[in-house]
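Whatever order the structure lists ligands and atoms in, that order sets their numbers, starting from 1.
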Amino acid sequence: MSDASYRDAIFTTPLDRVASFSFDEQVVSCFPDMLRRSVPGYGQIIAMLGLMARAHLRPGARVYDLGCSLGAASMALAREMAPEDIEIEAIDLSAPMVERASRELAEAFPEHRINVNQADIRTLDYQPAGMIVVNFTLQFLPPEDRDAVIDKLYATLEPGGMLILSEKIISDDPVENAWLIERYHDFKRANGYSDLEISQKREALEDVMKPDSLNTHHARLARAGFVRSHTWLQYLNFASMVAFKAAD
Ligand SMILES: Nc1ncnc2c1ncn2[C@@H]1O[C@H](C[S@+](CC[C@H]([NH3+])C(=O)[O-])CC(=O)[O-])[C@@H](O)[C@H]1O
Ligand SMILES: O=C(O)C(=O)Cc1ccccc1
């Protein structure tokens, strides 16, 4: 597959039947543009990851990038950390994502220890890590699988370890929720998506992405054992949280 990157035009024409969204070749070919135009705060979140690693990571520690897609989070981490100070394990379930991420990461950071593997984050055999990044991935798991994954991530982190969890969110308050979604659609329109694209994408995501509220996320993190968690960024109905394991 080529490394060319295209404008996201997946839902521009009317479809008789909108298929469930999936991370296939067509999505891979326009993915950076799709994220830039449809995830408020995406660039800001990616830009902070390296700084968070610098602030909290023990030199040489392992970092997981779970649901790495094209490796944007791993790139940001490698950019800020010397090769001897970090070992990155980037994981994704989608074969075309993994194929392209491993090629691009190896090309951009030949000195760094970065492994890209195709795996399911629900069944992965995790090795101890100092930091775990789950950037807009937990939202694609069936809700009933999410507690067990967060429990596994907690067990994987070393004492003092840090989890960064970014997600599309809903609000428990229906009026706030409706307002956030309306302004999110304005955000997409301002970024060049038509009403048809917005509604067909919404339909395609309905069965495969069921966002939780921030309250649900923080309760899940506390239940798993994280000693503290907070929301460090929210932009409309997208948010990023950080959670810490006690230092012992
Ligand atoms: N069970 C699973 N196991 C592994 N990967 C999975 C699973 N389910 C879905 N994925 C993968 O999770 C990724 C979600 S995108 C992450 C963006 C990236 N983090 C970024 O910072 O650029 C977010 C979005 O598209 O909104 C896709 O690549 C899926 O293949
Ligand atoms: O576009 C949307 O409606 C989103 O919620 C963001 C998104 C971005 C990339 C893949 C799936 C969802």
Side-chain angles (χ1 to χ4, degrees), residues 5 8 10-11 18 20-28 30-50 63-77 88-102 104-105 116-126 132-146 148-149 152-153 164-170 180-189 191-195 197-211 235-240:
S5 208
D8 170 20
I10 294 177
F11 296 106
V18 178
S20 286
F21 188 85
S22 81
F23 295 95
D24 55 18
E25 305 264 353
Q26 188 191 21
V27 166
V28 168
C30 65
F31 196 65
D33 177 72
M34 179 186 289
L35 288 193
R36 193 181 52 75
R37 291 199 288 136
S38 55
V39 179
Y42 177 77
Q44 281 75 13
I45 293 168
I46 291 289
M48 275 308 293
L49 295 175
V63 176
Y64 279 103
D65 175 5
L66 300 178
C68 63
S69 298
L70 298 181
S74 295
M75 295 258 185
L77 291 164
I88 299 174
E89 294 290 334
I91 305 293
D92 204 283
L93 195 53
S94 153
M97 288 288 189
V98 167
E99 193 207 314
R100 182 156 165 184
S102 58
E104 293 189 358
L105 282 162
V116 188
N117 285 300
Q118 186 187 4
D120 189 323
I121 64 166
R122 290 170 291 187
T123 51
L124 185 70
D125 181 17
Y126 290 95
I132 303 176
V133 177
V134 194
N135 213 29
F136 302 108
T137 302
L138 197 72
Q139 61 196 22
F140 289 105
L141 301 188
E144 64 272 19
D145 293 347
R146 295 177 191 174
V149 169
K152 268 191 198 218
L153 303 189
I164 307 288
L165 176 63
S166 310
E167 289 271 293
K168 188 175 192 176
I169 52 162
I170 52 166
L180 288 171
I181 291 171
E182 281 162 22
R183 298 295 78 74
Y184 174 52
H185 291 164
D186 291 343
F187 171 96
K188 287 186 112 174
R189 245 174 251 121
N191 282 329
Y193 286 114
S194 67
D195 289 348
E197 285 178 285
I198 293 169
S199 73
Q200 291 193 144
K201 174 86 177 271
R202 193 180 189 182
E203 203 181 328
L205 285 172
E206 229 150 49
D207 293 338
V208 292
M209 184 166 83
K210 299 190 188 303
Y235 187 167
L236 299 176
N237 51 340
F238 288 76
S240 189

I need the atoms of ligand 1 closer than 4.0 Å to a non-hydrogen atom of [X], numbered in the order shown.
{"X": "Asn135", "value": "16 (C), 17 (C), 18 (C), 19 (N), 21 (O)"}
{"X": "Ile46", "value": "21 (O)"}
{"X": "Asp120", "value": "1 (N), 2 (C), 3 (N)"}
{"X": "Phe31", "value": "15 (S), 25 (O)"}
{"X": "Ser94", "value": "30 (O)"}

Which heavy-atom pair separates [X] from [Y] by the least distance, and what is that distance?
{"X": "Gly71", "Y": "Ala101", "value": "N-CB, 4.1 Å"}
{"X": "Cys30", "Y": "Ile10", "value": "SG-CD1, 3.7 Å"}
{"X": "Gln118", "Y": "Ser94", "value": "NE2-C, 4.3 Å"}

Which of the atoms in ligand 2, numbered in the order shown and given with their element, are less than 4.0 Å from a heavy-atom of [X]?
{"X": "Lys168", "value": "3 (O), 4 (C), 5 (O)"}
{"X": "Ser38", "value": "1 (O), 6 (C), 8 (C)"}
{"X": "Met209", "value": "5 (O)"}
{"X": "Leu35", "value": "8 (C), 9 (C)"}

Quick one: does ligand 1 sit under 4.0 Å from the side chain of [X], the backbone, both or neither, non-hydrogen atoms only?
{"X": "Gln139", "result": "side chain"}
{"X": "Leu66", "result": "neither"}
{"X": "Leu141", "result": "side chain"}
{"X": "Leu35", "result": "side chain"}
{"X": "Ala119", "result": "backbone"}

In terms of residue, atom name and distance, what is the protein heavy atom nearest to [atom]?
{"atom": "atom 3 (O) of ligand 2", "answer": "Lys188 NZ, 2.9 Å"}
{"atom": "atom 23 (C) of ligand 1", "answer": "Phe136 O, 3.0 Å"}
{"atom": "atom 5 (N) of ligand 1", "answer": "Leu93 N, 3.2 Å"}
{"atom": "atom 30 (O) of ligand 1", "answer": "Asp92 OD1, 2.6 Å"}
{"atom": "atom 24 (C) of ligand 1", "answer": "Phe140 CE1, 3.5 Å"}

Taking the side chain as C-beta and beyond, is there a heavy-atom pair between [X] and [Y] under 4.5 Å?
{"X": "Glu197", "Y": "Lys188", "answer": "no"}
{"X": "Leu70", "Y": "Met97", "answer": "yes"}
{"X": "Gln139", "Y": "Pro211", "answer": "no"}
{"X": "Leu124", "Y": "Tyr64", "answer": "yes"}
{"X": "Ile181", "Y": "His185", "answer": "yes"}
{"X": "Phe21", "Y": "Met209", "answer": "no"}
{"X": "Tyr235", "Y": "Val39", "answer": "no"}
{"X": "Ile164", "Y": "Ser240", "answer": "yes"}

Taking [atom] as the point of reference, which of [options] owns the nearest heavy atom?
{"atom": "atom 25 (O) of ligand 1", "options": "Phe238, Phe23, Tyr42", "answer": "Phe23"}
{"atom": "atom 6 (C) of ligand 2", "options": "Phe23, Phe31, Tyr42, Tyr184", "answer": "Tyr184"}
{"atom": "atom 7 (C) of ligand 2", "options": "His185, Arg36, Lys201", "answer": "Lys201"}
{"atom": "atom 18 (C) of ligand 1", "options": "Pro96, Pro32, Gly67", "answer": "Gly67"}

Within reach of ligand 2, part of [X] (heavy-atom separation under 4.0 Å):
{"X": "Arg202", "answer": "neither"}
{"X": "Phe136", "answer": "neither"}
{"X": "Phe11", "answer": "neither"}
{"X": "Leu205", "answer": "side chain"}
{"X": "Val27", "answer": "neither"}

What's the verdict on side chain to side chain contact (heavy atoms under 4.5 Å, CB included) for Asp8 and Tyr193, showing C-alpha distance, side-chain angles and the deciding distance?
CA-CA 9 Å; Asp8 170 20; Tyr193 286 114; 2.6 Å; yes
Would one find an N or O of [X], backbone or side chain, under 3.5 Å from an N or O of ligand 1?
{"X": "Cys68", "value": "no"}
{"X": "Ile121", "value": "yes"}
{"X": "Ser69", "value": "yes"}

Intermediate values then yes/no, side chain to side chain contact (heavy atoms under 4.5 Å, CB included), Ile46 and Asn135
CA-CA 9 Å; Ile46 291 289; Asn135 213 29; 3.5 Å; yes
Run Arg183 and Asp186 through side chain to side chain contact (heavy atoms under 4.5 Å, CB included) and show every step you take.
CA-CA 5 Å; Arg183 298 295 78 74; Asp186 291 343; 2.8 Å; yes
Below 6.0 angstrom between ring centroids: does that apply to Tyr184 and Phe238?
yes
Reported CD1-to-CZ distance for the pair Ile121 and Phe140, which is rounded to 0.5 angstrom:
11.5 Å
Are Lys201 and Phe11 in a cation-pi setup, meaning NZ or CZ lies under 6.0 angstrom from the ring centre and within 45 degrees of the ring axis?
no
Quick one, Arg36 with Asp33, criterion side chain to side chain contact (heavy atoms under 4.5 Å, CB included). Give me CA distance, side-chain angles, the key distance, then yes/no.
CA-CA 5 Å; Arg36 193 181 52 75; Asp33 177 72; 3.0 Å; yes
Strictly under 4.0 Å, does any heavy atom of Thr137 approach an atom of ligand 1?
yes
